[in-house]
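Values below: every heavy atom of this structure, side chains too, minus hydrogens, waters and symmetry copies.
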Amino acid sequence: MSLCLLPRVIWQKIFGYLPTRNAKNICTVCKFFNNNFWENRHTLTINLDRSVTERIMPYQFGKVRELIIIRKDDVNNVKLYTWVESWPVLYRIESLSINYIGPGDCGIITVKMPHLTKINMDISTIKNYARSYEWNFLAEDLLLQIKDFSLKGLETMQRTHNLEQINHGLRNCERLRLNGIPLLADVLFASLDNVTSLELYGENVTDNTFAIVVREMPDLQELIMPRRNNDHLTNAALTHIEYLHNLKYLNISGFSSCTDIIADSIFRANPELQKVYMNGCCLLTDLTLHGVARYLPKIREISFRGCYLLTDEIFCSIAPLPLNVMNFAICL
């Protein structure tokens with residue numbers, strides 16, 4: 001009976017790990033499971049290959065609002081949306097994740113899913129689109145209502161008017177995740193001052209890119225920019241963080257040459273920080289943790305995994321802090 005007291009969202013999380021067929025069989029024999037997962041399901045993951053699109057949509061989940069499409073390369077956009085548009089709830093989808101985009105998909109998404117507020121898409125498989133066909137991105141009217149936007153493969157897009165279209169459409173966006181940055185970064189980030197959470201990944205993120213980000217997004221509250229073997233990012237990028245003053249979450253893991261002086265200036269400029277992740281910043285010493293204790297009274301989570309120069313003395317400094325999570329793995 002104690003398990004039955006779990007909130008519906010927890011049951012949906014548990015059953016979400018099951019294949020759809022197995023989940024349906026379980027829910028068929030138990031009314032409680034059926035009510036808490038099957039009939040009230042909010043998230044649906046569809047693995048699509050050519051054989052699936054040749055069958056009728058098997059399940060009618062009337063309350064689904066988040067759709068995750070894992071699509072194989074052999075499923076063209078005509079087959080995909082001819083199959084999925086037979087699903088009545090498609091028009092009410094608010095969140096869409098799709099791993100493979102074809103040339104005609106964006107126009108169809110705009111028409112078939114007008115209520116989207118969150119999009120996660122991958123355009124990295126589109127090669128030389130400028131030479132082979134005219135590829136249009138999502139309509140600006142749809143982008144204006146997007147609050148959470150994730151895009152992988154942005155480096156494939158080098159046309160100025162396409163980047164301007166994205167920029168104009170994301171004026172109301174609050175959470176932005178980008179993997180791969182185009183050469184015309186100044187066009188992409190211009191005047192995106194409503195963005196409060198930014199994640200940047202990819203080997204072509206440079207110091208100049210981040211300088212533009214800081215200039216155009218002065219009110220950032222979350223910044224996630226792990227280095228991950230990116231030779232174009234140096235300490236020069238980190239020095240720009242001191243010009244931000246509203247950060248609450250900072251992840252700059254992987255900057256192996258980051259120093260105590262740089263970290264100190266970041267902490268002094270952002271006293272509202274609650275989460276700091278600096279894994280792999282192996283030049284940091286105890287002085288950085290002393291700075292955390294001195295400048296960040298609201299800190300809740302810290303992670304300095306792989307900062308092996310830290311010693312036991314740091315715990316004297318951080319003991320009074322209201323920490324919920326700390327990670328000092330691979331520290332001597």
Side-chain angles (χ1 to χ4, degrees), residues 154-155 176-186 188-189 192 195 197-296 299 301-311 313-314 317-318 326-332:
L154 190 57
E155 70 277 1
L176 185 61
R177 304 180 193 88
L178 299 176
N179 191 323
I181 305 298
L183 297 176
L184 303 172
D186 52 340
L188 178 64
F189 293 113
L192 292 182
V195 175
S197 177
L198 177 67
E199 298 182 28
L200 290 178
Y201 303 96
E203 296 181 357
N204 52 354
V205 179
T206 65
D207 296 345
N208 182 59
T209 301
F210 188 64
I212 296 171
V213 166
V214 171
R215 184 179 71 241
E216 302 293 344
M217 304 179 186
D219 297 324
L220 278 179
Q221 296 181 17
E222 296 183 4
L223 174 62
I224 301 173
M225 190 177 64
R227 189 163 178 261
R228 292 186 180 176
N229 301 319
N230 185 350
D231 296 332
H232 299 103
L233 274 177
T234 67
N235 283 353
L238 299 182
T239 58
H240 295 292
I241 301 178
E242 64 184 81
Y243 298 107
L244 301 172
H245 303 290
N246 300 305
L247 288 178
K248 295 182 179 180
Y249 175 24
L250 176 66
N251 185 335
I252 49 173
S253 300
F255 283 83
S256 57
S257 57
C258 179
T259 64
D260 295 323
I261 296 175
I262 294 175
D264 192 75
S265 64
I266 292 173
F267 299 154
R268 278 191 286 112
N270 293 276
E272 298 295 318
L273 274 170
Q274 298 177 18
K275 299 180 182 179
V276 173
Y277 287 73
M278 300 181 71
N279 301 321
C281 299
C282 50
L283 290 185
L284 298 180
T285 69
D286 293 356
L287 293 176
T288 291
L289 272 299
H290 298 332
V292 169
R294 185 181 304 114
Y295 300 118
L296 307 180
I299 193 71
E301 297 182 17
I302 56 176
S303 182
F304 291 85
R305 185 178 188 274
C307 301
Y308 50 79
L309 295 181
L310 301 179
T311 70
E313 293 182 6
I314 62 174
S317 297
I318 66 176
M326 60 181 181
N327 183 356
F328 295 103
I330 322 180
C331 297
L332 300 182

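Closest of all the heavy-atom pairs between Cys307 and Cys281 is SG-O, 3.3 Å. Of all non-hydrogen atoms in Glu203 and His232, the two that sit nearest each other are O-ND1, 2.9 Å.
With sequence neighbours left out, Gln274 forms a side-chain hydrogen bond (donor to acceptor under 3.5 Å, both in side chains) with no residue at all. For Ala237, the side-chain contact (heavy atoms from CB on, under 4.5 Å) criterion is met by Asp207, Phe210, Leu233, not counting sequence neighbours. Legend: residues meeting salt bridge (charged side-chain N to carboxylate O under 4.0 Å, His left out) with Glu216, ordered by chain and number and at least two apart, are absent. Every residue two or more places apart in sequence or in another chain was checked for a salt bridge (charged side-chain N to carboxylate O under 4.0 Å, His left out) with Arg305, and none qualifies. Every side-chain contact (heavy atoms from CB on, under 4.5 Å) that Phe328 has, sequence neighbours left out, goes to Leu289, Ile302, Phe304, Leu310, Ile314, Phe315, Ile318, Met326, Cys331.
Looking only at side-chain heavy atoms (C-beta outward), Thr234 and Ser257 stay at 4.5 Å or farther from each other.
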Inset, instruction - Check step by step if side-chain contact (heavy atoms from CB on, under 4.5 Å) holds for Leu220 and Leu247. - result: CA-CA 6 Å; Leu220 278 179; Leu247 288 178; 4.2 Å; yes
Legend entry - Step-by-step side-chain contact (heavy atoms from CB on, under 4.5 Å) determination, Ile224 to Tyr201: CA-CA 9 Å; Ile224 301 173; Tyr201 303 96; 3.5 Å; yes
Inset, instruction - In sequence, state the C-alpha distance, the side-chain angles, and the governing distance for Met217 and Leu176, and then conclude on side-chain contact (heavy atoms from CB on, under 4.5 Å). - result: CA-CA 11 Å; Met217 304 179 186; Leu176 185 61; 4.2 Å; yes
Inset, instruction - Tell me, with the steps shown, if Phe267 and Val292 meet side-chain contact (heavy atoms from CB on, under 4.5 Å). - result: CA-CA 7 Å; Phe267 299 154; Val292 169; 3.5 Å; yes
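Looking only at distances, a side-chain donor or acceptor of Asp260 sits under 3.5 Å from a matching main-chain atom of Thr285. In this structure a side-chain-to-backbone donor-acceptor pair under 3.5 Å is missing from Asn235 to Thr259. With hydrogens and angles ignored, the 3.5 Å screen pairs a side-chain donor or acceptor of Asn230 with a backbone N or O of Gly202.
Taken to the nearest 0.5 Å, the CG atom of Leu244 stands 9.5 Å off from the CD1 atom of Ile266. Taken from CD in Glu222 to NZ in Lys275, the straight-line distance is 7.0 Å, to the nearest 0.5 Å. Within the model, atoms CG of Leu309 and CG of Leu284 stand 8.0 Å from one another, a figure rounded to the nearest 0.5 Å. Taking CG of Asn327 as the start and CG of Asn279 as the end, the distance is 6.0 Å to the nearest 0.5 Å. Between Leu296 atom CG and Asn270 atom CG the span is 8.5 Å, to the nearest 0.5 Å. The distance from the CG atom of Asn179 to the CG atom of Asn204 is 8.5 Å, given to the nearest 0.5 Å.
Between the side chains of Asn251 and Ser253, a donor-acceptor pair is found at a separation under 3.5 Å.
Note on residues 241-250: no pairs pass side-chain hydrogen bond (donor to acceptor under 3.5 Å, both in side chains), not counting sequence neighbours.
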